[in-house]
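Report on the following structure.
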There are 4 protein chains.
Amino acid sequence: MAPTTRQPAEHPDPPSAGAPPVPLAPLVRGKGRPRSAAADQAILDATREALAELGWGGLTMGDVAQRAGVAKTTLYRRWPSKSELVVDAIASLFDQLECADLGSLRADIEAVVARFAELLTLPETQAALLALFAEGSRDPQLRRRIRERIVQPQKVLVELGRANAQARGEMDPDRDPAAAAEEVGIIFDTIAGTVEHRLLVSGEPVTADWIRRFTTLLLGPFPGPER
Amino acid sequence: MAPTTRQPAEHPDPPSAGAPPVPLAPLVRGKGRPRSAAADQAILDATREALAELGWGGLTMGDVAQRAGVAKTTLYRRWPSKSELVVDAIASLFDQLECADLGSLRADIEAVVARFAELLTLPETQAALLALFAEGSRDPQLRRRIRERIVQPQKVLVELGRANAQARGEMDPDRDPAAAAEEVGIIFDTIAGTVEHRLLVSGEPVTADWIRRFTTLLLGPFPGPER
Amino acid sequence: MAPTTRQPAEHPDPPSAGAPPVPLAPLVRGKGRPRSAAADQAILDATREALAELGWGGLTMGDVAQRAGVAKTTLYRRWPSKSELVVDAIASLFDQLECADLGSLRADIEAVVARFAELLTLPETQAALLALFAEGSRDPQLRRRIRERIVQPQKVLVELGRANAQARGEMDPDRDPAAAAEEVGIIFDTIAGTVEHRLLVSGEPVTADWIRRFTTLLLGPFPGPER
Amino acid sequence: MAPTTRQPAEHPDPPSAGAPPVPLAPLVRGKGRPRSAAADQAILDATREALAELGWGGLTMGDVAQRAGVAKTTLYRRWPSKSELVVDAIASLFDQLECADLGSLRADIEAVVARFAELLTLPETQAALLALFAEGSRDPQLRRRIRERIVQPQKVLVELGRANAQARGEMDPDRDPAAAAEEVGIIFDTIAGTVEHRLLVSGEPVTADWIRRFTTLLLGPFPGPER
DNA sequence: ACCTAAACGAGACGGTACGTCGAGTCTTCAA
DNA sequence: TTGAAGACTCGACGTACCGTCTCGTTTAGGT
C-alpha cells in the first residue's frame, strides 16, 4: 500500500480497515493544486535513509524534510507524527515479504525465517523496529497502525505456510478455527520474537545453521522427513 | 548489583567485567563528601515510578530528579544518560528472578516463563524494555550494559534449568560445551523473544494455557512425561 | 532605531552604520512568515519592566520571555544575548533626548544635564547602564552597539548645543574640525561621566543647585552673562 | 587594609566603620588552627589575575579557588560573595594612590588624573570597576563597602590636594565646611566620572595633552599661572 | 608530647539559569 | 489548494556556577 493513496482528507485512515492499495480514482477530485506523488516517495526514501544513518533517536522531521527537498508542512500534511511516518517507511519493506511454496513445511519455514532475518539486518529496520514497538506500547492508534502495516503482513505468511502444508498433506486440516488461530499466534510470536531477540537483543547473527536448528525446534510435533 | 557500588570514578564501570555486587570495603575511600546512598535508591525508585506513569517517552530527567527530591546534577553525576539510568532501574527488577528446582523440566520452564511474563506485565517494564533495546542497537556501551544487567540474569536461568534437568537425568549431560552454549542461546532467545513479542507487540496476554502450549513447543525433543 | 527594522538576516546589524529608523519598504520581502513586530515591542517593554523590578543581575531571558508572552526561542532569534537585548531596550529611552534651543548656552547645558539626570533616575536605566558599560569593556561588538545606540545620541546633543551657541555668537565658530571634535569629546565625557558618577557611584542626587554649580564649572572659559 | 585583618568572626566587617588597617592584636585569640595569611594573599592575587584574563563575567569562584590552590570553602569562609571578594582585590590597587605635593594645584591635579587613568588601564580594573558599581546599585551593603574601600581613598586625594592648595595660598581657606564638602564632591565626581567615561565608555586614551585640557576645564575659576 | 578545636582540601549536594534543539503549528507569498 | 519558507510556542536537554554541606586530614595553640 502506497501512502499516496491517502488523498483527500487531512489525516485519513481513521476508520480505514483494510486500506485499499490502489488510488482507485481521484475520488474527491480536489479543487486546488493536487498533491505531489513524487513528494511522498521522496519523503519515505529520505526517512529510510535518515533512519539508517542516524537511527531512531537521531531522526528529525526537519532533517527528513530537507533530505526530501520538501517543507516540513508538506510532511505534516501527510503524516500526523514522526512515528506514523516511520511506520509507513518501514512497512514498505515488509510489503515485499512473500511465501513461495517450496515443497515442504521445513523449507517454507526456513525461507521465511531467513527472509525475516534479512530484513532485520537492514540498518533502517534495526534502528526503527523496536523503537516503533516501544512507542506503540503507549499509543493505541499507533499500535493499530503498526499491527496493520507491519505485524499483519508477517503473520499472513505463517497462515499461508500452514495452508500450504495442509494442502500438501503435511498437516491435518484445521477443525476448530479458533484453536487454529491461536496456534498460528504461538508460532508467529515465536518466529518473529525469537529472530528479533537474537538479532537485536542478543546481537548474534542468524546463520543458516542457526535457522536449521531453530526450525527443528519449531517443527517439534511435525518433524517431517529429515533433510 | 546495586548502583551504589560505583564509588570512585565519575562514570565508572570502565573495565568492570563482573562488577562485584558488594562494596566489600571502603576500597578507595574518596576524599570529598561521599555520595549519598539514599539518593541512589530514591532516584531508582522515582525512575520506576515515573516510567510506570509516563512511559519511556514521557520520562524526563528533570521529572525524575524532582520526584526523587534530588537535583538534576546529582542524577547526571551518577548516570550519563536517561538510558543508563533506566537500565539500572529496570535491572533491579530482573535481579529478583530465580529458578527454583520444581522437580521437572516442564515445571521449571513453565515457572520461568510465567515469572518472566509477570515482569513484563509491570507498567514500568513494559514502558522501558523495548525502548532500551532500541536505544541499545545504536550505542554499544549501552548495549553491553543492558546485556550485563538485564539479559544475562535471564539467560542464567536457562542454564540453571538445564543443569537441573541434567542432574535429574532428564537430559543427557553436555559433551561439547560450545554446542551446549549455542543450544542455550537458542532456547533463551526463543523464550525471551516469544514472550516479549506476544505481550508487547501482539499485545495478547500470557495465560497458563498459553504457557503450557508454548512449553510443549519448546520441549519438542524432550517432551518428558505428559502431565 | 527600532529593532523591528532588522528584517532579513539572523542577527543582522553587520555593516549597519546609520541604520535607518524606518522600514522604508518591504525591501527584501522574506519568504517565510514575517517576524512579529508586536513581539519586538512586547519584549522590549518586558525587558524594561523586568530591569526596573529585578535589576541587571536578576534579569533572566526566560523571565523576559514569559513577561512578553513569547517563547525563549523567539527572543534568541532576535537578540544574541542578554546584553544586546538590554542595549536596545535602554536605547529607546535615550532616543527621546532632545536639545531645544533655549536661547543661551548655559540654559541649554542645564537642560541637557537635567534631562540626562532624569533618565539616570529611572530604575531600569540605573540597573542597566553601568552593567552594559561593564560588559562592553570585554566585548567589542557589544561596545560598538552601545556606542551607536546609547552614547552617540547623547553626544549629538553636545554637538548640537555647540552649534547653537555658535549660531547665537556665544562661541567662535570652529576653525580646526579635529580640535573641535576633541573639545566636544572632553565636554561630553565630562557631562556624561560626572552625572553618572554622582548618581550611580556617589549615590547623591542631582538637584537644580548642583546642576547650576556644575554648569558653571563647565562654562569656565565662556561664563557668559551671569544669571 | 589587608583582608587578613578579619580574623575571628565568620563574615566580619558588619559594623566596621573605619576598618583599622592593622590586625592590632590577636583580638579574640581563637582556639583552633589560625587562618592562613598566605591563602588570603594567594586568593586576592588569583582574583586579580583571573579578572584580567576572563573579565568580571568570566570570573568564577571555583576558578579563583583553583588558581589560588585553595578550596572553595576557604574562599567563602573569608568573603561572603564574589562581589565582596573583588572589591577587596581591586581595593588594594587603589590603596596605592597618593597625592604628592608637587608645588602647584595644576600639577597636583594632573598627577592625580594621570595616576587614576593609569589604574583604569589595568585590565583587572577595567573588567571589575564598572561591574562593581553596577552590582552596588542594588546591594546597599556592597555599595557601602565599595565606597569605603574604593571611592573614599580617591576622594581623599581631592581633599588633600585642596588642603595643599590652600596651604600654598592658591585657594581661599574654607569658610563653610558644608559648602566645601559639596564643592569637593563636584570636583571629585567630575574627575572620577570623566576619566572613567573616557576610558571605559568612550574608549579613548587619556594622553598627557588630554589631561592638560581637562585640567584647564577644572581650573576654570582658579586658572593659576599658565604653564 | 598530647589534646583539641578550628581551618583546610576535596568534592557531593540542591538550586537556578543558561543557550540549544526538536516537535508540531501557524502565517506569509508564489505557483 | 498545495507547497516552500520560516517564525512561532512549548518543553526538555545537558552544562555551568552558585553557595552550602559533609567528609577526613592538617596544624597550631594550650596544657
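Naming convention: chains lettered A, B, ... in sequence-line order (proteins, then strands); numbering from 1 in each chain.
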State which residues pass side chain to side chain donor-acceptor pair (under 3.5 Å) with [X]; sequence neighbours excluded, sorted by chain then number.
X      : answer
B:R138 : none
B:E84  : B:R145
B:D45  : B:Q41, B:R48

Could you check how far [atom1] of [X] sits from [atom2] of [N], rounded to whole Å?
X     : N      : atom1 : atom2 : value
B:R35 : E:dA10 : CZ    : P     : 17 Å
B:L75 : F:dT15 : CG    : P     : 12 Å
A:Q66 : F:dA4  : CD    : P     : 13 Å
C:R33 : E:dT27 : CZ    : P     : 6 Å
B:W79 : F:dC13 : CH2   : C1'   : 19 Å

*May I ask you to list the residues of residues 47-65 of chain C, by number, that have any heavy atom positioned under 4.0 Å from an atom of DNA chain E?*
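Residues of residues 47-65 of chain C under 4.0 Å from DNA chain E: C:T60, C:M61, C:G62.
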_When you measure only distances, ignoring hydrogens and angles, does the side chain of D:K72 come within 3.5 Å of the base of F:dG19 through a donor and an acceptor?_
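Such a pair is found, so the answer is yes.
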*Could one point to a donor on the side chain of D:T73 or the base of E:dA7 with an acceptor on the other under 3.5 Å away?*
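Counting by modelled atom types and ignoring angles, no donor-acceptor contact under 3.5 Å is found here.
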[X] side-chain proximity, nearest of [options]:
X     : options               : result
B:K31 : E:dG15, E:dA7, E:dA10 : E:dA10
B:R77 : F:dC10, F:dA7, E:dC13 : E:dC13
D:Y76 : F:dT20, E:dA7, F:dA5  : F:dT20

*Heavy-atom closest pair, residues C:S83 and C:E135*: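 Minimum heavy-atom contact is OG-OE1, 3.5 Å.
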Result block: side-chain N/O donor-acceptor pairs under 3.5 angstrom for residues 55-71 of chain C, not counting sequence neighbours:
residue: C:D63; atom: OD2; partner: C:R67; partner atom: NE; Å: 2.8
residue: C:R67; atom: NH1; partner: C:E49; partner atom: OE2; Å: 2.7
residue: C:R67; atom: NH1; partner: C:E53; partner atom: OE2; Å: 3.3
residue: C:R67; atom: NH2; partner: C:E53; partner atom: OE1; Å: 2.8

Base, sugar-phosphate or nothing for [X]? Non-hydrogen atoms, less than 4.0 Å.
X     : answer
B:S81 : nothing
A:K82 : sugar-phosphate
A:T74 : sugar-phosphate

_Please report the interatomic distance CG(B:D40) to OG(B:S36), rounded to the nearest 0.5 Å._
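One gets 7.0 Å once the value is rounded to the nearest 0.5 Å.
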*For residues D:V87 and D:W79, determine if any side-chain heavy atom of one lies less than 4.5 Å from a side-chain heavy atom of the other.*
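Contact flag for D:V87/D:W79 side chains = no.
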